[in-house]
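Following: one structure in C-alpha cells, then a few remarks.
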Amino acid sequence: MGSQEISRRETLEKHQESLKKQRDAVKYRLKKLAARQSEITKKSSVIRESIVQKYQEIQAVLEQDLRLTLSHLEMEERAAVSALDGLMEKNCSLIQEIEQDLARLSVVLEQTDVEPDTMKRVLDLLNRTDPSSVSLDEAKAEQILSLSNNLLLLVCSQTPIIKKLFRSYSSEVSLDPDTAHPKLIISPGGNSATYSDTWQQLPDPPSRFDTTLNVLSVQGFSFGRHYWEIDVTGKTYWELGVTYPTITRKGPTEDCWLGRGSESWCVEFFDGEYTAWHGGVPHQLPFTNRISRVGVLCSFPAGLVTFVEAENMTQLISFCAGTFSDQLHLAVCPGHDHNGTNAEPIVICNAASPTSDLGLESLHKSME
C-alpha cells in the first residue's frame, strides 16, 4: 500500500472520528434539550398548580367573609323580627281584652263609657309598641356596603393580574421616521402615525418602506420580555406587530407586508374582521367587537409573540416562534383612508413600568 493511500486512509479515519464526535455532541445536546423540555413542563405545572391554589384560597377567604357578614346581618334580622313578634303578641292580647269588654258592654247597654283603666292600658300599649321603635342598624348596613364596595374596587384594581404582569414588561419605543412610508405623518415624539393622501417629498434611504404603509420603531430588542399597547380607537383598518429589521422595504412584493413573510408577525383589522398573519399564512380570529387597544408581548426566553385585547387581556393569538434569530422591532401600519373612515392615527401608549406590587418580581423569577 502506497504512502499516498495510507495518508488518504488516515485522513478518512480522522474525518470519521470527527463526525462521530460531532454526532455524539449533537446526541448529547438533544438529550439536554429533552431534559430541559421536561424540566420546563414540570416547572410550568408546579407554577400553574400554585396559582390555582392561591386563587382557590382567595375564593375561600371571600366566601368565608361573605358567610360571616351575612350571619351578622341575619342575626340582627332575627332579633328585629323577634322583637316585633313580641310587640304584635301584646297588641293581639289587648285586642282580645277589648273584645271581651265590648261583649260585656253589649249586655250592659247603660254602661256607655269605656272603663278608664282599659283606656289607660290601650294608650300605654300603643306608646310602647310603636313600630318605628324596632329597626335594623342601617348605619352598619351602609358601612358594610361601603366596605364591600371598597373590596370590590381593590379586587378590580388588581385584576386581571396578567395585565399587571404584562405591563411590568413595558418598554418605551418611538417610531422611526426614516422607515416610514412617504404617506405617513409621524408625530414629533414618535408615538403616532397618521395616513395622509399626500406623498411627502422625503429622502429615500434603504430603510424606508416605499409601497406598504409601514413604519418601524427606532429601538430593537434581542433579549428579555417586552410589551407595548397600541391605541386603534376609531380606526377601521390597521396592522401591527413585530418584525426583524431584515423585512423587505422596497417594491410591491408581498414580503413587505407585515406577517406575509417569515420575518414578521402581525394582527390586522380590515372590513370588520381580525386576521393574524405569519409566513404568509392567515389565521381568522373569532372576534367581532371593535377593539380600542391592542397589547403586543414578545418574550425572547419563551420564543413567543402574543397579541391581546389590552383592556380585559383577552388573548387574540399567540405565535410560538421558537428561537428568534434577530432583533425585533415594533411595526405598525395605520392603513389608508378606507373610504374616508380611517383618518384617526395609530398611537403607541408608552406606559411607564408599574411598581412591583403583588410580588411580581418573584413571579418573574419563578417563570425564568
Side-chain angles (χ1 to χ4, degrees), residues 173-187 190-222 226 228 230-232 235-271 273-285 294 296-298 305-307 316-319 321-322 324-339 341-348:
V173 293
S174 56
L175 299 176
D176 184 356
D178 289 338
T179 67
H181 185 279
K183 284 193 173 183
L184 296 185
I185 298 174
I186 308 303
S187 64
N191 69 327
S192 71
T194 308
Y195 173 80
S196 169
D197 201 35
T198 302
W199 186 285
Q200 301 175 86
Q201 297 303 314
L202 299 171
D204 188 26
S207 60
R208 189 181 302 284
F209 290 91
D210 66 359
T211 302
T212 54
L213 299 169
N214 295 339
V215 56
L216 306 187
S217 64
V218 174
Q219 300 82 357
F221 302 89
S222 56
H226 305 276
W228 307 281
I230 297 90
D231 194 324
V232 291
K235 297 191 65 59
T236 58
Y237 171 38
W238 49 261
E239 295 180 15
L240 57 91
V242 293
T243 181
Y244 294 145
T246 54
I247 187 172
T248 305
R249 316 285 179 104
K250 306 295 184 182
T253 174
E254 279 197 0
D255 286 349
C256 294
W257 292 85
L258 297 180
R260 272 49 169 197
S262 60
E263 302 94 347
S264 59
W265 298 257
C266 92
V267 168
E268 171 191 80
F269 178 67
F270 185 73
D271 278 347
E273 294 185 349
Y274 294 93
T275 309
W277 290 86
H278 175 61
V281 179
H283 304 270
Q284 204 71 32
L285 303 181
V294 180
V296 183
L297 172 74
C298 63
V305 177
T306 296
F307 296 87
L316 302 177
I317 193 170
S318 284
F319 292 101
F324 295 113
S325 60
D326 204 341
Q327 285 190 341
L328 286 177
H329 291 254
L330 181 65
V332 300
C333 167
H336 54 71
D337 62 352
H338 203 204
N339 298 321
T341 64
N342 197 40
E344 297 298 322
I346 192 168
V347 181
I348 301 172

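- In this structure, Gln201 has no side-chain hydrogen bond (donor to acceptor under 3.5 Å, both in side chains) partners at least two apart in sequence or on a different chain.
- Across Leu202 and Pro182, no two heavy atoms sit closer than the pair CD1-CA, 4.2 Å.
- No side-chain heavy atom of Pro334 sits less than 4.5 Å from a side-chain heavy atom of Trp238.
- Under the salt bridge (Lys or Arg N to Asp or Glu O under 4.0 Å) criterion, Asp271 pairs with no residue, sequence neighbours left out.
- The shortest distance between side-chain heavy atoms of Asp204 and Lys250 falls below 4.5 Å.
- Nearest heavy-atom pair across Gly335 and Leu213 is C-CD1, 3.6 Å.
- The CG atom of Asn191 lies 11.5 Å from the CD1 atom of Ile230; values are rounded to the nearest 0.5 Å.
- With sequence neighbours excluded, no residue satisfies side chain to side chain contact (heavy atoms under 4.5 Å, CB included) with Asn339.
- Pairing each heavy atom of Pro177 with each of Ile186, the nearest pair is CA-CG1, 4.2 Å.
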Using residues 251-259 as the side-chain source, report each donor-acceptor pair under 3.5 Å to any protein atom, sequence neighbours left out, with the distance given to one decimal.
residue	atom	partner	partner atom	Å
Thr253	OG1	Asp255	N	3.4

### Task
Test side chain to side chain contact (heavy atoms under 4.5 Å, CB included) on Val242 and His329 and set out the steps.
CA-CA 5 Å; Val242 293; His329 291 254; over 6 Å; no
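- Within the 4.5 Å cutoff, no side-chain heavy atoms of His283 are placed close to those of Tyr274.
- Atom CG in Leu216 sits 11.5 Å away from atom SG in Cys333 (nearest 0.5 Å).
- The CG atom of Asp178 lies 5.0 Å from the OG atom of Ser207; values are rounded to the nearest 0.5 Å.
- Closest of all the heavy-atom pairs between Ala343 and Thr194 is O-CG2, 3.7 Å.
- Residues Trp228 and Val173 meet the side-chain proximity criterion, which asks for heavy atoms closer than 4.5 Å.
- For the atom pair CG (Asp176) and CD (Gln219), the distance works out to 9.0 Å, reported to the nearest 0.5 Å.
- The list of salt bridge (Lys or Arg N to Asp or Glu O under 4.0 Å) pairs with a residue in residues 240-249, not counting sequence neighbours, is empty.
- Residues passing the side-chain hydrogen bond (donor to acceptor under 3.5 Å, both in side chains) test with Glu268 are Arg260, sequence neighbours excluded.
- Between Glu263 and Asp326, every side-chain heavy-atom pair lies at or beyond the 4.5 Å cut-off.
- Between atom CD1 of residue Ile317 and atom CD of residue Gln284 there is a gap of 10.5 Å, rounded to the nearest 0.5 Å.
- By the side-chain hydrogen bond (donor to acceptor under 3.5 Å, both in side chains) test, Asp231 is found to be paired with Thr233, residues two or more places apart in sequence or in another chain being considered.
- Scanning for side chain to side chain contact (heavy atoms under 4.5 Å, CB included) contacts around Pro206 gives an empty result, with sequence neighbours left out.
- Among residues two or more places apart in sequence or in another chain, the ring-ring contact (aromatic ring centres under 6.0 Å, His included) test is passed with Tyr244 by Trp265.
- The shortest non-hydrogen separation linking Ser222 to Gln327 is CB-CG, 4.0 Å.
- A donor-acceptor pair under 3.5 Å is absent between the side-chain atoms of Thr341 and the main chain of Thr236, judged by distance alone.
- With sequence neighbours left out, the side-chain hydrogen bond (donor to acceptor under 3.5 Å, both in side chains) criterion links Ser264 to no other residue.
- Glu239 has its side chain out of reach of Val332: every pair of non-hydrogen atoms, C-beta onward, lies at least 4.5 Å apart.
- Judged as a side chain to side chain contact (heavy atoms under 4.5 Å, CB included), and not counting sequence neighbours, the contacts of Asp337 are Tyr195.
- His181 contributes no side-chain N or O that, together with a main-chain N or O of Phe209, makes up a donor-acceptor pair within less than 3.5 Å.
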### Intermediate values then yes/no, side chain to side chain contact (heavy atoms under 4.5 Å, CB included), His226 and Leu330
CA-CA 10 Å; His226 305 276; Leu330 181 65; over 6 Å; no
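- Remark: Phe307 CZ to Cys266 SG distance equals 6.5 Å, nearest 0.5 Å.
- Listed for the Thr306 side chain is no donor-acceptor partner under 3.5 Å among the backbone atoms of Leu297.
- Between Gly280 and Trp277, the closest heavy-atom pair is O-CZ3, 3.5 Å.
- In this structure, the side chains of Val294 and Val267 stay at 4.5 Å or more apart for every pair of heavy atoms.
- Under the side chain to side chain contact (heavy atoms under 4.5 Å, CB included) criterion, Ser192 pairs with Ser187, Pro345, Val347, sequence neighbours left out.
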### Task
Go through Leu184 and Leu175 one step at a time and tell me if the side chain to side chain contact (heavy atoms under 4.5 Å, CB included) criterion holds.
CA-CA 11 Å; Leu184 296 185; Leu175 299 176; over 6 Å; no
